[in-house]
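Have a look at the structure below before the remarks.
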Amino acid sequence: MSEKKQPGVWEGFKAFLMRGNVIDLAVAVVIGAAFTNIVNSVVKGIINPLVGAIGTQNLDSYSSCLKAPCTGTGDTATGIQIMWGSVLGATLSFVITAAVVYFLMVLPMSKFLARQAARQKAKEGTQEVIEVSELEVLKEIRDALLAQRGSGNSHN
């Protein structure tokens with residue numbers, strides 16, 4: 001009775017790490033983190049000043065008082081404040097990130113893949129037409145040979 005040796009935890013972990021999708025995911029996380037810094041800079045440097053033209057440049061300062069009296073900031077604050085400016089800033093960052101990812105990465109890649117699929121389909125269609133044409137030519141040759149053989153036998 002020989003027992004099959006189960007792969008160890010270390011071997012399973014190595015196999016998991018060596019899969020291509022794990023490496024791709026790690027690269028995506030690193031690039032995403034770097035990209036977040038760019039988006040945050042755009043929000044702080046461009047979006048916030050544009051919003052500041054209407055109100056204040058710092059979106060974090062927008063708030064509403066839920067329970068009065070709302071005075072002070074940080075640890076000395078009293079009352080209950082709803083900091084909806086922070087939520088608005090985070091939402092703007094998310095929307096900008098999503099738009100940039102979509103328009104600069106997803107849309108061009110999907111168009112590229114669609115063009116590649118169309119080219120591949122056109123190649124397959126051309127190959128099919130060539131194969132059909134070759135088949136028709138071979139049938140015509142066969143028919144001509146049969147006709148030639150048939151006419152050759154009738155002269156004897």
Side-chain angles (χ1 to χ4, degrees), residues 1-140:
M1 290 189 215
S2 68
E3 282 187 33
K4 250 187 169 179
K5 187 178 178 186
Q6 293 278 339
V9 174
W10 182 248
E11 286 82 18
F13 184 66
K14 279 181 19 182
F16 171 73
L17 287 180
M18 297 313 288
R19 284 191 212 157
N21 55 359
V22 173
I23 303 298
D24 293 342
L25 182 61
V27 169
V29 168
V30 170
I31 289 177
F35 188 69
T36 300
N37 290 333
I38 294 171
V39 170
N40 288 338
S41 296
V42 168
V43 169
K44 287 179 184 172
I46 297 173
I47 302 299
N48 285 354
L50 290 175
V51 171
I54 299 168
T56 179
Q57 285 191 358
N58 186 4
L59 290 177
D60 292 339
S61 66
Y62 287 112
S63 64
S64 297
C65 187
L66 188 62
K67 184 176 179 186
C70 290
T71 57
T73 57
D75 293 337
T76 63
T78 61
I80 300 174
Q81 284 190 336
I82 304 289
M83 305 298 290
W84 58 270
S86 300
V87 175
L88 180 63
T91 303
L92 284 172
S93 294
F94 172 77
V95 169
I96 291 169
T97 303
V100 169
V101 167
Y102 180 75
F103 289 112
L104 294 182
M105 295 176 190
V106 173
L107 190 62
M109 183 57 86
S110 63
K111 285 184 179 182
F112 172 74
L113 292 175
R115 277 195 308 260
Q116 266 191 327
R119 281 189 206 131
Q120 184 65 28
K121 193 172 184 178
K123 273 185 184 178
E124 289 172 359
T126 304
Q127 186 65 27
E128 191 174 299
V129 168
I130 290 172
E131 288 174 4
V132 169
S133 298
E134 288 177 359
L135 185 61
E136 288 176 6
V137 169
L138 289 173
K139 283 181 182 178
E140 288 176 10

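Hydrogens, waters and symmetry mates play no part in the numbers below; they use all other heavy atoms, side chains included. By convention here, the first residue in the shown sequence is residue 1.
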(request) With sequence neighbours excluded, give me every ring pair (Phe, Tyr, Trp, His ring centres under 6.0 Å) pair touching residues 78-115. (result) Tyr62-Trp84
(message) Could you work out, with side-chain contact (heavy atoms from CB on, under 4.5 Å) as the rule, every residue matching Ser86, not counting sequence neighbours?
(response) Asp60, Met83
(request) Quickly, which of Lys121, Lys123, Arg115 forms a side-chain contact (heavy atoms from CB on, under 4.5 Å) with Arg119? Name it, please. (result) Arg115
(request) Would you indicate whether the side-chain heavy atoms of Ser41 and Ile38 approach each other to under 4.5 Å? (result) no
